[in-house]
Amino acid sequence: MIRYILRRCGQAIITIIAVSIIVFIILHLLPGGLVRAQLGQKASPIQVHTLEVQEGLLRPLPVQYLTWAWNALRGNFGYSYKLSENVSTLLAEYVPRTFFLVAISLLFAVAIAIPMGLWQGYRRNRADDHALSGTMLIMYSMPTFLLGVVLIVILNIWLPVFPSTASNFGGSLSIDATDLALPIITLCLANVSYFSRYMRSSVIDNLLEDYVRTARSKGAHNRTILLRHVLRNSLNSTLTLLGLSLPYTISGSLIVEALFNYPGAGLLFWNSAQTRDFPVLLGIVLVIAVMTVLGNLIVDILYGVVDPRVRVQ
C-alpha cells in the first residue's frame, strides 16, 4: 500500500509541474504580454523597458519560470497591479470559498447518487426507475450554466425561496445558508445525474454476478445482498468517477460563481481575465490544478482501500 501511495504521489507532483509550465508559457505568449497588461497600450517604450527590467522579463523564459516557481513554493505568487494586492492574499481569501463550494456539492451529490443508483439498479426497468432515469438524463444533458438559470427561475422567481446572489458574503466563510443554496444545488444536481447513472449500471452488472446467485441460494435477504455485497463492489466505479469529475466540477464552479455572484476563485478568475491580470490568473490556475491533483490522489488512495487488487497493479 505504501508503494502504491508513493507512486501516486510522484505522478501527482509531475502533473502539477507540467500544468504550471504549460500555463506559464501560454500566459507569457498572449498578445500584448504582461507589461502591456499592467501599463496599458499607451505606455511609452521607455516605461515598457523599465518595467521589463524590474520584473525580470528580459531573462530567458526557463529562468523566469524557475524564479516564479521558487517564489510560488514559498507562497509568493506575485502582485496584482489591477487590485493593488498580493496574489497570495487574494488566493487565501477566495480559494477556500471555491473549495468549500466544490466539497459540499460533491458530498451531497455522492450521498444522494449512491442510494439512488442502488435503488434504480435493484428496481431496473420499472416505472420509478424509468422516471428517475429520464429526469437524470435531462439534467445530465444540460450545461451547468443552463441548469443554474433554470433553478433561478424556479426557486427564485416563481418560488422566491432562495436568493440568486451571495449578497451577504463577508470576508470569511460565514454566510447565510440560503445564499449558498442555489450554487450548491446547481453543482450537486449536475453531479448527481452523472454519478447515479453509472452507479445504476454498476449495480445491475453486479446483480448478475455469480456471488449474488450464491448468496441467494444460501437464503440471504435482498437487503443483505445489496448492502453487504453489491454496494461495495459497485463503489469502485463511483470512486473512479469521483476523481474524474473533479476537473468538471471545479470548472463548473467557475461558471456557477459568476452566475450567482459567489465571491470565490471562479469569480476572481473571471474578473481577472477581463482585466488581463496575469499574476492572479496564473496563481488561480496553479492552485486549482493542485486541488484537482490532490483530489484525484485521495480518490486513488480510497480506490486502493476499497479494491486491494489495485495496489499490486
Side-chain angles (χ1 to χ4, degrees), residues 5-6 8-30 33-35 37-39 51-104 169-175 246-247 249-251 253-254 257 262-301:
I5 294 176
L6 291 176
R8 288 293 185 267
C9 288
Q11 294 173 353
I13 293 173
I14 294 174
T15 303
I16 292 173
I17 294 174
V19 169
S20 65
I21 292 175
I22 294 173
V23 175
F24 186 86
I25 293 175
I26 291 176
L27 289 180
H28 278 71
L29 294 179
L30 290 176
L34 300 176
V35 176
Q38 296 177 16
L39 298 178
L51 188 57
E52 287 177 341
V53 173
Q54 291 177 355
E55 298 291 336
L57 298 177
L58 298 179
R59 294 176 297 175
L61 196 59
V63 176
Q64 295 183 45
Y65 169 76
L66 292 176
T67 302
W68 174 85
W70 173 247
N71 291 330
L73 288 175
R74 296 183 297 171
N76 180 15
F77 292 93
Y79 188 80
S80 171
Y81 293 92
K82 301 294 183 181
L83 300 175
S84 300
E85 196 167 358
N86 289 325
V87 177
S88 302
T89 304
L90 293 171
L91 295 179
E93 179 181 354
Y94 286 90
V95 170
R97 297 171 182 170
T98 296
F99 177 78
F100 177 78
L101 181 65
V102 171
I104 293 297
F169 219 116
S172 63
L173 285 176
S174 59
I175 184 176
L246 281 174
T249 305
I250 292 176
S251 61
S253 70
L254 303 183
E257 289 178 13
Y262 179 86
L267 186 61
L268 179 62
F269 185 89
W270 177 266
N271 295 333
S272 299
Q274 293 179 324
T275 59
R276 302 180 67 187
D277 198 346
F278 292 144
V280 177
L281 294 176
L282 186 56
I284 292 175
V285 171
L286 181 62
V287 171
I288 288 180
V290 172
M291 288 173 54
T292 304
V293 172
L294 289 180
N296 279 280
L297 178 61
I298 294 174
V299 171
D300 286 340
I301 295 174

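- For Phe24, the ring-ring contact (aromatic ring centres under 6.0 Å, His included) partners are His28, Tyr65, Trp68, not counting sequence neighbours.
- Using a 4.5 Å cut-off on side-chain heavy atoms (C-beta onward), Tyr94 and Pro263 make contact.
- Put simply, the side chain of Tyr262 gets close to the backbone of Arg97: a donor and an acceptor are under 3.5 Å apart.
- In this structure, Thr275 contributes its side chain and Asn271 its backbone to a donor-acceptor pair below 3.5 Å.
- Of the residues Leu281, Val95, Val280, the one that meets the side chain to side chain contact (heavy atoms under 4.5 Å, CB included) test with Leu268 is Val280.
- Scanning for side chain to side chain donor-acceptor pair (under 3.5 Å) contacts around Ser80 gives Asp277, with sequence neighbours left out.
- Residues forming a side chain to side chain donor-acceptor pair (under 3.5 Å) with Asn71 (at least two apart in sequence, or on another chain): Arg74.
- Counting only heavy atoms from C-beta outward, the side chains of Trp70 and Asn76 never approach each other to under 4.5 Å.
- With rounding to the nearest 0.5 Å, the separation of CG in Leu83 from OG1 in Thr89 is 11.0 Å.
- In terms of the side chain to side chain donor-acceptor pair (under 3.5 Å) criterion, residue partners of Thr98 (sequence neighbours excluded) are, by chain and number, Glu257.
- Between the CG atom of Leu90 and the CG atom of Asn86 there is a distance of 8.0 Å, given to the nearest 0.5 Å.
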side-chain contact (heavy atoms from CB on, under 4.5 Å) assessment of Phe278 paired with Leu282: CA-CA 6 Å; Phe278 292 144; Leu282 186 56; over 6 Å; no
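- Closest approach of Gly283 and Phe77 over heavy atoms only: CA-CD2, 4.1 Å.
- Residues that satisfy the side-chain contact (heavy atoms from CB on, under 4.5 Å) test with Val19, not counting sequence neighbours, are Thr15, Val23, Ala289.
- Remark: Ser253 pairs with no residue by the side chain to side chain donor-acceptor pair (under 3.5 Å) rule, at least two apart or across chains.
- When every heavy atom of Ser20 is checked against every heavy atom of Leu286, the shortest pair comes out as CB-CD1, 3.7 Å.
- You'll find the side chain of Pro60 reaches within 4.5 Å of the side chain of Val63, heavy atoms only.
- Of all the heavy atoms in Arg59 and Gln64, the pair that sits closest is O-NE2, 2.7 Å.
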